[in-house]
Student: 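For reference, the structure I am asking about is given below.
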Amino acid sequence: MEENKIIKDIRILTEDFIPSRIVHRESQLSTLRDCLKPAMENKSTRNVFMHGSPGTGKTCISSYLISELKENADISTAYVNCWKNSTRFNVLYKIVSDLGFNLSVHRKGTPLDELLYIMENKLSEKPCIIILDELDRIENDRVIYDLLSFPQISIIMIANTETAMYNFDTRIRSRLSSSENIQFPSYSNSDIVDILKDRAEWGLFPNVIKDSQVEKIAEMSGGDARSAIGVLRNISEHADNKGLSKIPEKLMEKPVIISKLKDMQNLNENQKTICSILERKNKISPSELYQNYLVACEECSIKPVTERRLRTFVEELISSGIISSEGNTKSRVYFLN
DNA sequence: CATCCACCGGAACTTAGGGTTC
DNA sequence: GAACCCTAAGTTCCGGTGGATG
């Protein structure tokens, strides 16, 4: 097998990778670190609400500090992506399994009260920190109430918008009103350049990418580090597949879209179809989108969903910041961000 | 101003797939 | 193993909204 000449360590170019140092997020880092400090003395920590646009380091920082904390304190932790696990049952299921409690192998039939019973009886006294990522996507706020009833549990809530909790039950909002609120502004282009250079230094071989190419990626990322890292990974993989030893200028043309499409492992096939239509069409009306969707399904021999169902997928894409809409009713168009 | 039309989104209903119970 | 229950995903139905048209 031919050896890679571009990518030294692909793991460093994935969004799950936790870097050994965090750049341009000093204040958020120290605020969150302060919040988590009590865990070192076996005390429960404050609830935290972190919000900001996609790719502004929210998930990265929380994972970073949790792993740092685990080295210095005896805590248990769980991570839930509320997009993937949006129901009360799914959130609790993920937590219970992250905490390592034994479950019946039967995934679907485990009743809710069984999960609550496990939490009540098996949760130890040591501090337990639960990350609820993509909180905007949670369907049922009741699960937060469930979690708040355990004194040893504290929650790190991560959302794209500051308004994510506005629809929560007033009792829950009031319990959360003392949470630390941490805002994550978008990165500047030069911040993204620094982040990319860090990843490139550890993840790529020396001198395979030019500074001007890194700057180009940063410029196209719109302050979204996750997207920028995705682009870096994609063009690197692409160049490696072709057996090249440097990133060619030709690859720099429209990689943002490629990255967004490849990056969204959360998306279902229908949503990926929507994205690829928008990639081709730039701006498109709702009805035209559905017509194109039907054609695409026909081509791939996939059974299409109804127009109403597709609208729900579109709505999810909008709220996750992947696509946007413009104009009201008759003049409405959708486009990729 | 009345009417039409494209679009939006809530809600009830259906279907499918799985587990539990007896 | 039949009857039942639960959940997720998808469909059907429908009222509301607001720009366009005449």
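Numbers restart at 1 for each chain; the letters A, B, ... are given by sequence-line order, proteins then strands. When reading the values below, keep in mind they use all heavy atoms of this one structure, side chains included, and skip hydrogens, waters and symmetry mates.
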Student: Relative to A:Y145, does A:R171 satisfy both conditions: NZ or CZ under 6.0 angstrom from the six-membered ring centre, and within 45 degrees of the ring's axis?
Tutor: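 Yes, A:R171 sits over the ring of A:Y145.
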Student: To the nearest angstrom, how far is A:Y290 atom OH from B:dC8 atom P?
Tutor: 14 Å
Student: Please check the phosphate of B:dA6 (OP1 and OP2 only) for any side-chain N or O of A:S285 closer than 4.0 Å.
Tutor: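 A:S285 to B:dA6 OP1/OP2: no side-chain N or O under 4.0 Å.
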Student: Quickly work out the A:E326 CD to B:dC8 P distance and round it to whole Å.
Tutor: 13 Å
Student: Please round to the nearest 0.5 Å and tell me the distance separating atom CD of A:Q213 and atom CD of A:E249.
Tutor: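 A:Q213 atom CD to A:E249 atom CD measures 4.5 Å (nearest 0.5 Å).
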Student: Is A:E201 paired with A:K197 through a side-chain N to carboxylate O contact shorter than 4.0 Å?
Tutor: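 Result for this pair is no, no salt bridge flagged.
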Student: Any luck finding a side-chain donor-acceptor pair between A:S177 and A:R173 under 3.5 Å?
Tutor: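 Short answer, no.
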Student: Measure the distance from NZ on A:K303 to P on B:dT15 and round it to the nearest whole Å.
Tutor: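 In whole Å, B:dT15 P lies 12 Å from A:K303 NZ.
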Student: Rounded to whole angstrom units, what separation is found between the CG atom of A:N268 and the P atom of C:dA9?
Tutor: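 In whole Å, C:dA9 P and A:N268 CG are 9 Å from each other.
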Student: Indicate whether any N or O donor in one side chain lies under 3.5 Å from an N or O acceptor in the other, for A:D194 and A:Y187.
Tutor: no
Student: Any luck finding a side-chain donor-acceptor pair between A:Y79 and A:D133 under 3.5 Å?
Tutor: yes
Student: Salt-bridged, A:E269 to A:K272, with N to O below 4.0 Å?
Tutor: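 Yes.
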Student: Does anything in residues 306-314 of chain A come within less than 4.0 Å of DNA chain C? Heavy atoms only, and list the residues if so.
Tutor: A:T306, A:R308, A:R309, A:F313
Student: Quickly work out the A:E316 CD to C:dA9 C1' distance and round it to whole Å.
Tutor: 11 Å
Student: So, OP1 or OP2 of B:dC8: does either fall under 4.0 Å of a side-chain N or O from A:Y334?
Tutor: yes
Student: Polar atoms only, N or O, under 3.5 Å: list the protein pairs with nucleotides 18-22 of chain C and their distances.
Tutor:
from: C:dG19; atom 1: N2; to: A:K330; atom 2: NZ; distance (Å): 2.9

Student: Write out the stems for DNA chain C, ordered by first number and formatted as range with range, counting runs of at least 3 consecutive Watson-Crick or G-U wobble pairs under 3.5 Å.
Tutor: B:1-22 with C:1-22
